[in-house]
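Here, residue 1 is the first one in the sequence, and each next residue gets the next number. Scope of the values below: all heavy atoms of this structure, side chains included, with no hydrogens, waters or symmetry mates.
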Amino acid sequence: MSKINFDLPEEKKKFWHTSSHIMAQAVKRLYPNAKLTIGPAIDNGFYYDFDVEKPFSPEDLDAIEKEMAKIIKEDYKLRRFTLSREEAIKFMQDKNEPYKIELIQELPDGEEISFYEQGDFTDLCAGPHLDSTGAVRAFKLINATGAYWRGSEKNKMLTRIYGVSYPNKADLDAYLAMLEEAKKRDHRRLGRELDLFDIYEEGPGFPFFLPKGMIIRNLLEDFWRNEHKKHGYQEIKTPIILNEDLWHRSGHWDHYKNNMYFTKIDDIDYAVKPMNCPGAMLIFKSKMHSYRELPIRMGELGLVHRHELSGALHGLMRVRCFTQDDAHIFMTEEQIKDEIKGVIALTESFYKLFGFNYKIELSTRPEDSMGTEEQWEIATSALKDALDELGIEYKINEGDGAFYGPKIDFHLSDSIGRTWQCGTIQLDMQMPERFDLTYIGADNEKHRPIMIHKAIFGSIERFIAILTEHFAGAFPTWLAPVQVKILPIGFNQHDFAYDLNKKLQSLGLRAEVDDRNEKIGYKIREAQTDKVPYMLIIGDKEIESSTVSVRSRKKGELGAVSIDGFVKDILEEINSKIY
């Protein structure tokens, strides 16, 4: 048996793909009437979708795991074979697998139709796979959920089982421990517990921000505004609803219509914007510009709406309306490289502030795209050259660019090692042409600008979700909704506590007094549960000495500190945005 290098993405994919077949084989043994659909490897494991009479219970998953262990122990060799279209359809008809027949019928003429056999189980599959089932040493089925066939609500609801597997138990245990930690950090739970945000059944996919959540949101937006102003961006705001003709011009109608919402005004068709860029086009086009003005950098915190299937919604991570921190830069071809470098530097400064490491992917032309091969080559080369000159490592993601241009994506790593795609830089030669944007060059003739689409947070809502999980709700002091909790030991200290609270609030600190008739230990535990960075405990001794007994969320008891000394230290921490 060849050694598996789990660090190689292609090896990991083979491993997880084979694991999905082992799971499907176990399901068919235990539930012969289950119908097979698809079972791919994904970013963190694998899944398989089944058409079954009733969804799988936790007890069913336990039974499937036991059967998988038998299949692994039996160490079946995987054998690949091919059939003609007619033979393949007949083969699947004999096995009563209608979903597989549908897949075969949709394959292009002349395409090779391959199957993989392992013991008593055979599946339609392009592969590749491991040599045998025995290579899968450690595995775990994570959960079972509903999933529509082919992701469409018009199709039948299937049951999807998610799993993960590793070559050894130690790696599996480490991954499962990370999952347990992720559950504790789940932003949906923390959002409710900390009174930050929630989503109600009256608006699935449409988040509500509570007062404490708005503090975090406004601080992030204020930071975004200040930093972009320093870097020469002008802020704009464009309408949420614009007429259908605009979306035909922009190309969204042909390439993005299924993700959009529509309405009628005065019997004219309008669309709710899924992206901010067409509005920025109209603002640029509203006046004639000289080459001396370029680059022109426009920033917008724009609310957009996109249709997402109900099964895909997930807290603030996947919603139907969100605010993009968009920016659009209009420039000459000679300015492309420097502008891209500037955007990368600005993006990097944001992520460092929050303690994120990141990796970069460069996505190239997709099949469904606009523009000429030459335009795409110029744009893609410009992105590559900027990355190369900065000495930044990156991965090529073939065919995953936007329909109007190639892009650089930033994938953040959080405090427990998970990755999130956030920032993006997209180079676009198509929309300036479609909107007939021009500027007057040095030769006094009209020229076509080139455009960058940029976002750093990506979505404010999603970034707040990522931050919530990254910090496990314990936000750095500058972002914390409540920075200081004042805890008087008894009634005699209430006046002093409220006077102190007024002083702290007058200095811009977000402070609260807990004057409940509870023991001080209970108040401290409550403040810790609320993730408050600092607790100031006040008794008679503190009043006599004009001090406070400081307890830090991170460092524990700090002892008696003068009020002025505490104020000086916390303001320094806030202003430096230490995390």
Would you say the side-chain atoms of [X] pair up with the backbone N or O of [Y], donor to acceptor, closer than 3.5 Å?
X: Arg434; Y: Arg249; result: yes
X: Arg320; Y: Pro204; result: yes
X: Glu469; Y: Ile466; result: no
X: Thr380; Y: Glu377; result: no
X: Glu361; Y: Ser363; result: no
X: Arg462; Y: Leu316; result: no
X: Trp16; Y: Ser165; result: yes
X: Thr419; Y: Leu412; result: no
X: Lys407; Y: Leu362; result: no
X: Asn243; Y: Leu246; result: yes

Distance alone, cut at 3.5 Å: any donor-acceptor contact between the side chains of [X] and [Y]?
X: Glu244; Y: His248; result: yes
X: His453; Y: Asp326; result: no
X: Asn357; Y: Ser413; result: no

Would you call [X] and [Y] a salt bridge, using N to O less than 4.0 angstrom?
X: Arg80; Y: Glu112; answer: yes
X: Lys341; Y: Glu389; answer: yes
X: Glu393; Y: Lys359; answer: no
X: Lys237; Y: Glu300; answer: no
X: Lys229; Y: Glu235; answer: no
X: Glu398; Y: Arg365; answer: no
X: Glu106; Y: Arg150; answer: yes
X: Lys90; Y: Glu86; answer: no
X: Lys384; Y: Asp388; answer: no
X: Lys13; Y: Glu10; answer: no
X: Asp414; Y: Arg185; answer: no

Checklist line | Given Phe463, Tyr351, Phe356, the one that forms ring-ring contact (aromatic ring centres under 6.0 Å, His included) with His470 | finding: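 Option passing the ring-ring contact (aromatic ring centres under 6.0 Å, His included) with His470: Phe356.
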
Next item on the list: Look up atom OG1 in Thr37 and atom CG in Asp51, then write down how far apart they are to the nearest 0.5 Å.
Entry: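 Interatomic distance, Thr37 OG1 to Asp51 CG, rounded to 0.5 Å: 8.0 Å.
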
Item checked: Reported CG-to-CE distance for the pair Asn276 and Met281, which is rounded to 0.5 angstrom ->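 Output value for this atom pair is 10.5 Å.
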
Any non-hydrogen side-chain atom of [X] less than 4.5 Å from a side-chain atom of [Y]?
X: Leu220; Y: Phe354; answer: yes
X: Ile296; Y: Gln234; answer: yes
X: Trp420; Y: Met317; answer: yes

Check: Just wondering, are more than 12 heavy atoms of other shown residues or ligands nearer than 6.0 Å to CG in Asp43?
Finding: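 No, the 6.0 Å shell around CG holds no more than 12 heavy atoms from other groups.
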
Check: Do Tyr439 and Tyr291 have ring centroids that are under 6.0 Å from one another?
Finding: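 Ring centres of Tyr439 and Tyr291 not closer than 6.0 Å.
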
Next item on the list: Measure from NZ or CZ of Lys454 to the centre of the six-membered ring of Tyr233, then state whether that distance is under 6.0 Å and the direction lies within 45° of the axis.
Entry: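 Yes, Lys454 and Tyr233 form such a contact.
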
